[in-house]
Amino acid sequence: MRRAKATSRAQQPEGISVSDYVRVVTVAQARREVEAAGEQVIALTAEEQVAFWNALNQPTQLTAAQQRMGAVMRGEV
């Protein structure tokens, strides 16, 4: 319900229907993604960039299965 209200509020100044607003926004985003894919570049918003950095910056904890797979790949087993 929250998203519907936010979408409705976002499109009000535009003077278009919610479905037209969603279509315009979605098509624009899809175009950006297609262009970025053609350049082999990932386009991220500032929020997505921070989330990506945080994910990369955190040490990982390998599961037991991942540790066994690593040992197999290194020829230890």
Side-chain angles (χ1 to χ4, degrees):
M1 190 65 161
R2 237 181 194 170
R3 288 182 184 174
K5 286 182 182 178
T7 302
S8 181
R9 273 188 264 128
Q11 62 81 29
Q12 282 176 345
E14 302 292 329
I16 59 176
S17 69
V18 173
S19 60
D20 285 343
Y21 175 78
V22 170
R23 188 176 308 110
V24 167
V25 171
T26 304
V27 168
Q29 179 63 31
R31 282 191 180 126
R32 284 191 296 274
E33 290 180 13
V34 168
E35 288 172 12
E39 298 170 5
Q40 297 183 348
V41 173
I42 299 172
L44 301 174
T45 65
E47 184 178 307
E48 291 168 333
Q49 291 175 31
V50 170
F52 185 65
W53 169 253
N54 288 335
L56 291 176
N57 202 31
Q58 293 178 1
T60 58
Q61 286 295 107
L62 299 179
T63 65
Q66 289 169 324
Q67 290 174 354
R68 285 192 305 273
M69 183 188 307
V72 168
M73 293 176 75
R74 289 187 299 273
E76 298 172 0
V77 176

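Just so it is clear, the structure is predicted and the values come from calculations on it, not from any experiment.
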Flag yes if Phe52 and Val50 sit in one hydrophobic cluster, no otherwise; membership is Ile, Leu, Val, Met, Phe, Trp, Tyr, and two members link when side-chain heavy atoms are under 4.5 Å apart.
no

Enclosure of Leu44 CG (heavy-atom neighbours >12, cutoff 6.0 Å):
yes

Please report the interatomic distance [atom1]([X]) to [atom2]([Y]), rounded to the nearest 0.5 Å.
X	Y	atom1	atom2	value
Glu48	Ile42	CD	CD1	10.5 Å
Thr63	Met69	OG1	CE	8.0 Å
Glu35	Arg31	CD	CZ	8.5 Å

Atom of Gln67, atom of Arg74 and distance for their closest heavy-atom approach
O-NH2, 4.5 Å

So which heavy atom on Gln61 is nearest to which on Gln66, and how close?
O-OE1, 4.1 Å

